[in-house]
Amino acid sequence: MEGERGAGPGPEEPNGEAPAPAPAPAPAPAPARRRRKAAKKRKEAVAAIPRGRPKSGRVWKDPGKKRFSHMIQDKALRTSWARKMKERQERKLVRDLARQLQEGKQREREEKKRRREENLKRRLENERKAEIVQVIRNPLKLKRAKKKQLRRVEKRDTLALLQKTPVRRKAATE
């Protein structure tokens, strides 16, 4: 079992020997170490002072937050004039296309509305032409008519009808 992998207490070379120890890293220069220590001491000094109760009484507020005006603002990335003009042209094209589509829809709606009105008008005229008209010359007939019959009676301008068919009256006998 000694020849199996992972059986030994530590890493071994394939020939059975222990690997050579790695060389120790070179020590860092002394001034950098001093700077780090000084920064650490400052942090400890700041952290050592206990934070008191704020005058406002709002203990949940974080005192480390800076105002927005104190933030360092980067300058906005500037786009070239040609690119700006190209984008403006594209926006204009999109706007024009949207306006054309809207106008097209509006025209279709108006056309549909006009055709519907024409159809209704034509249907009404055809109904009027197909009506069977009976002129009531004696108003007493209307007085004698039943309610159901009166509902079907409609008033029309019969002047044209009267002109087409002259009124026939019995000739007075002499």
Side-chain angles (χ1 to χ4, degrees), residues 6 35-36 38-174:
R35 274 190 228 126
R36 282 190 207 130
K40 227 180 200 182
K41 282 182 184 176
R42 272 190 234 117
K43 282 184 185 175
E44 286 174 9
V46 171
I49 300 169
R51 205 175 124 217
R53 189 176 175 87
K55 186 158 188 163
S56 64
R58 297 178 181 175
V59 291
W60 60 89
K61 289 282 190 173
D62 186 17
K65 285 188 178 176
K66 301 286 182 188
R67 292 184 185 272
F68 184 75
S69 58
H70 289 289
M71 285 176 57
I72 298 166
Q73 298 285 335
D74 290 338
K75 287 186 178 178
L77 296 173
R78 292 184 183 152
T79 55
S80 66
W81 181 253
R83 185 172 175 184
K84 195 178 278 189
M85 287 294 115
K86 186 180 175 187
E87 287 176 359
R88 188 176 288 176
Q89 188 71 21
E90 286 175 2
R91 279 198 306 268
K92 188 179 178 185
L93 286 171
V94 168
R95 228 181 295 126
D96 289 344
L97 182 64
R99 189 174 40 77
Q100 285 176 356
L101 289 172
Q102 208 169 7
E103 285 175 359
K105 284 181 183 178
Q106 184 68 24
R107 257 187 271 117
E108 284 177 13
R109 268 189 247 122
E110 288 172 3
E111 185 68 26
K112 199 172 183 180
K113 187 178 178 182
R114 190 181 53 76
R115 267 188 283 132
R116 188 170 179 272
E117 287 173 359
E118 286 176 3
N119 287 343
L120 285 172
K121 195 184 242 183
R122 198 177 322 116
R123 187 179 296 143
L124 194 63
E125 286 174 8
N126 289 341
E127 282 177 13
R128 293 272 167 90
K129 283 180 190 174
E131 279 179 345
I132 300 169
V133 180
Q134 182 181 354
V135 182
I136 300 171
R137 289 188 177 86
N138 187 2
L140 291 175
K141 283 184 181 177
L142 288 174
K143 298 251 182 186
R144 279 181 270 148
K146 295 177 182 168
K147 246 187 182 177
K148 202 168 193 178
Q149 287 175 324
L150 285 173
R151 278 194 204 114
R152 288 190 313 186
V153 172
E154 292 181 15
K155 292 182 179 178
R156 292 276 186 268
D157 183 23
T158 56
L159 186 62
L161 269 171
L162 289 173
Q163 287 176 351
K164 282 182 189 174
T165 56
V167 179
R168 285 186 275 160
R169 292 190 182 177
K170 291 183 182 177
T173 55
E174 290 181 29

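Because only heavy atoms are used, hydrogens play no part in the values below, and waters and symmetry mates are left out as well, while side chains stay in.
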Taking the side chain as everything from C-beta on, heavy atoms only, tell me whether [X] gets closer than 4.5 Å to [Y].
X    : Y    : answer
L97  : Q100 : yes
M85  : R88  : yes
L120 : R123 : yes

* List for me each residue that meets side chain to side chain contact (heavy atoms under 4.5 Å, CB included) alongside Q73, sequence neighbours excluded, and say none if there are none. =>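 In terms of side chain to side chain contact (heavy atoms under 4.5 Å, CB included), with neighbours along the sequence ignored, Q73 is linked to F68, M71.
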
* **V94 and R91: CA distance, side-chain angles, deciding distance, side-chain contact (heavy atoms from CB on, under 4.5 Å) verdict** => CA-CA 5 Å; V94 168; R91 279 198 306 268; 5.7 Å; no

* Asked: Salt-bridged, R83 to E87, with N to O below 4.0 Å?
  ->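 Looking at R83 and E87, the cut-off is met.
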
* Salt-bridge test for E110 and R114: reply yes if a basic N is under 4.0 Å from a carboxylate O, no otherwise. =>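 A salt bridge is absent here (no side-chain N lies under 4.0 Å from a carboxylate O).
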
* E111 and side-chain contact (heavy atoms from CB on, under 4.5 Å): which partner among R107, R115, E108? ->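 That would be R115.
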
Hey, could you give me the [atom1]/[atom2] distance between [X] and [Y], rounded to the nearest 0.5 Å?
X    : Y    : atom1 : atom2 : answer
L142 : Q149 : CG    : CD    : 10.0 Å
E125 : E127 : CD    : CD    : 11.0 Å
Q106 : L101 : CD    : CG    : 13.5 Å
I136 : K155 : CD1   : NZ    : 11.0 Å

* Stepwise, does the side-chain contact (heavy atoms from CB on, under 4.5 Å) test hold for R144 with N138? -> CA-CA 11 Å; R144 279 181 270 148; N138 187 2; 3.9 Å; yes

* To do: Quick one: do R122 and N119 satisfy side-chain hydrogen bond (donor to acceptor under 3.5 Å, both in side chains)? Show the steps, please.
  => CA-CA 5 Å; R122 198 177 322 116; N119 287 343; 3.3 Å; yes

* **salt bridge (charged side-chain N to carboxylate O under 4.0 Å, His left out) partners of E103, counting only residues at least two apart** =>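 E103 satisfies salt bridge (charged side-chain N to carboxylate O under 4.0 Å, His left out) with R99 once adjacent residues are dropped.
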
* Asked: For V59 and P54, which heavy atoms make the closest approach, and how far apart are they?
  ->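 Minimum heavy-atom separation between V59 and P54: CG1-CD, 3.9 Å.
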
* Asked: Is atom CZ of R109 surrounded by more than 12 heavy atoms (other residues, nucleotides or ligands) closer than 6.0 Å?
  ->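 Enclosed: over 12 neighbouring heavy atoms sit under 6.0 Å from CZ of R109.
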
